[in-house]
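Residue numbers start from 1 in every chain, and the chains themselves are labelled A, B, ... in the order their sequence lines are given, proteins ahead of strands.
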Amino acid sequence: MNFFAFDIRKLLIVIAVVALPLLSINMKRNPGEAPWYQRPFTWIVAASQGASSSFTSGVRGTTSMYLNLVGIRRDNLRLGRENEELRAQLGGLTELKLENERLNKLLEFKQTTRMQLLAAKVIARDLSPDHESIRINRGYRQGLRKLMGVITVQGVVGYVLSTEMDSAQVVVITDRSSAIDALVQRTRARGLMSGKDSSTIRLRYLERADDVAVGDSIVTSGLKGLFPKGFPIGTVTSVRKTDFGISQEAFVEPVVRPSNLEEVFVVLDSGGEDYTEKLQTGFGPPLLSKINTAPAAASNVPAKSKP
Amino acid sequence: MFTLALFRGTLATIILSHLVALSISSATAMPLGLVMIACLAVALSIQVFKTRIFWMQSTYFMMVSGLSVFVFHITHFASSWALSDTPLTTPAIGDWIIQALLTPLVAPLLFPLFRWVDALTQQDDPPEVTGTITV
C-alpha cells in the first residue's frame with residue numbers, strides 16, 4: 001500500500017469535524033438566548049420534556065391517590081369514632097358542670113343557715129297525673145320523720161308524707177291535699193296554703209278584712225318549726241273575695257316548680273331561722289333578695305304592722 | 001289485674017285488686033281508700049262487661065285495657081267529690097286520654113304471658129259469650 005495514497009479532501013473534512021468540539025470548548029457560553037442553530041433543537045427538546053413531565057406527574061398523582069385512599073378511609077373511621085367519643089364526653093362534662101353549679105349553690109345555702117338540713121335527691125314522681133308528690137332517697141334511717149318540711153334554695157317544696165327505711169314520699173305544695181301555714185309578707189295576714197293544680201296554689205281562710213294584693217309575696221309562718229319563718233312560697237296572682245262571707249282567698253304562683261326538682265333539702269331542725277331578719281339585711285334566698293317592700297294597697301283597711 | 005278480672009273468679013279478682021291498690025298507693029299521694037275504690041271499680045266493671053261481651057283474643061284484652069283506664073280515672077274523680085275533703089277540681093284529661101291510648105299498645109305484649117300463666121295453672125278458659133239477635 002502506498003502510504004501517501006490518500007485523499008486530502010477527506011482528510012480536511014475529518015480534521016474539521018473533529019476540531020469543532022475543541023473549538024467550542026474554548027468559546028465562552030454567554031447567558032441569554034440560544035444561538036440560532038440551537039433553537040430548533042432546544043424547542044423540540046423542551047416540548048417533549050414538558051409533555052413527559054405532565055404525563056408522569058399525572059400518573060404519579062393518580063396512583064398515589066388510590067394508594068392513599070385506603071389509609072384515608074381508615075383515618076376517617078378512626079377520627080369519626082374519636083369525634084363521637086369526644087361528643088359523648090363533652091355531654092357528660094356539661095352535665096357534670098351544671099350539676100356542680102347546682103350543688104355549689106346548695107352547699108353555699110346550707111353553710112350560711114342555722115337550719116339543720118339533709119340533702120336528698122328526687123328519685124321518682126307521682127304515678128297519678130292528678131296528684132303531685134315526689135319520692136326522695138332519704139328515709140327514717142337518715143333521721144326523717146313525717147311532716148318535716150322540704151325546701152330548695154328558691155323556696156318551699158312541700159313536706160314529708162310518709163317514710164320508709166331509705167326513702168320518703170313528699171307531698172308537694174301544689175297537691176290539693178297539702179296544707180302549709182303561711183303569711184302575706186307585707187301585711188302579715190295569715191292563711192292556709194294548699195294546692196289547686198300543678199302550677200297554682202291558693203292561700204285560703206284569709207280574713208275578709210286582710211289586706212292582700214296581686215304581687216304580694218307569701219312566706220312561711222314558721223309555725224311548729226317545720227319550716228323556717230319567712231321562707232318564700234310564692235307570689236299572689238289574683239285575689240278572690242265573694243260579695244258576702246267572712247273570708248277571702250288568694251291564688252299564688254309557687255316559686256318552686258315540681259317538674260324541675262332534682263335535689264332538695266329536708267329541714268331536720270329549723271333552728272329558729274328567720275328569713276324576715278335576713279330580708280332586712282339584704283341576705284337570704286334569691287327570691288327574698290328581689291322583693292321590695294311594696295306600699296300598702298289603697299284600701300279602707302290600714303296595713304298591719306310587723307310584730 | 002285485668003287478666004284476673006277476665007279469667008278468674010270474683011273473689012280472686014277482689015283480693016288482687018286490693019293488692020294492686022296497696023302497691024299503687026305507695027307511689028302516689030292519692031289516699032289509699034280512693035285507690036282501692038278505683039281499682040275495685042275497674043275489676044268489677046270488667047267482670048260485668050265480660051258477661052255481656054267477650055271473646056278470647058288479644059284484641060279484646062287491648063280494648064278492655066283502654067276502657068279500664070277511663071273507668072279508673074272517672075271513678076277517682078267521682079269518689080274524690082263524694083268522699084274527699086279536697087275534691088279534684090282540675091282533672092288532667094289530656095293525661096287520661098294519652099294513658100288510654102298508650103295502655104292498649106302494651107297489652108298485646110303481655111297477653112301471651114298471662115295466657116302462659118293460665119296454662120301453667122291449668123285454668124279453664126271462660127266461655128265466649130254468644131247469642132242471637134231476635135227481632
Side-chain angles (χ1 to χ4, degrees), chain A residues 122-137 139-140 146-147 150 157-180 192-205 237-238 240 249 251-254 258-259 261, chain B residues 1-2 17-43 65-104 106:
Chain A
V122 176
I123 56 174
R125 299 187 195 281
D126 200 299
L127 206 63
S128 167
D130 299 315
H131 283 270
E132 302 281 342
S133 71
I134 56 174
R135 183 164 286 276
I136 58 176
N137 64 345
Y140 60 73
K146 265 181 70 170
L147 300 181
V150 177
V157 171
Y159 52 90
V160 175
L161 190 65
S162 63
T163 57
E164 281 81 40
M165 198 190 316
D166 288 308
S167 67
Q169 193 169 21
V170 173
V171 65
V172 180
I173 195 169
T174 48
D175 188 85
R176 64 181 194 275
S177 61
S178 69
I180 295 176
L192 195 69
M193 186 66 71
S194 63
K196 182 178 175 295
D197 56 48
S198 59
S199 58
T200 312
I201 47 180
R202 51 184 183 170
L203 185 61
R204 298 192 290 168
Y205 308 123
T237 55
S238 63
R240 187 169 75 180
E249 63 178 8
F251 293 95
V252 176
E253 185 187 355
S259 55
L261 291 171
Chain B
M1 189 173 71
F2 302 144
S17 79
H18 287 322
L19 291 175
V20 168
L22 281 169
S23 313
I24 291 173
S25 69
S26 61
T28 177
M30 209 188 292
L32 178 62
L34 292 184
V35 178
M36 278 184 161
I37 288 171
C39 288
L40 213 56
V42 168
S65 304
L67 290 174
S68 300
V69 171
F70 272 120
V71 170
F72 183 91
H73 287 302
I74 288 170
T75 309
H76 171 226
F77 179 73
S79 55
S80 75
W81 278 95
L83 301 169
S84 173
D85 294 333
T86 52
L88 178 56
T89 53
T90 51
I93 296 179
D95 281 316
W96 295 2
I97 293 170
I98 290 171
Q99 283 183 14
L101 291 173
L102 291 179
T103 304
V106 180

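- Closest approach of B:Ala92 and A:Asp130 over heavy atoms only: N-OD1, 3.0 Å.
- Nearest heavy atom pair, residue B:Thr28 against residue A:Ser128, reads OG1-CB, 3.7 Å.
- Considering every non-hydrogen atom in both B:Ala27 and A:Gln169, the closest pair reads C-NE2, 3.8 Å.
- Without hydrogens or angle criteria, A:Arg176 side chain to B:Thr90 main chain gives no donor-acceptor distance under 3.5 Å.
- For a residue to count as touching a neighbouring chain, one of its non-hydrogen atoms must lie under 4.5 Å from one of that chain's; by this rule B:Ser80 touches chain A with the side chain only.
- Side-chain contact between B:Gln99 and A:Pro129 is present, with heavy atoms from C-beta onward closer than 4.5 Å.
- The minimum heavy-atom distance between B:Ser26 and A:Arg135, with the atom names listed, is O-NH2, 2.7 Å.
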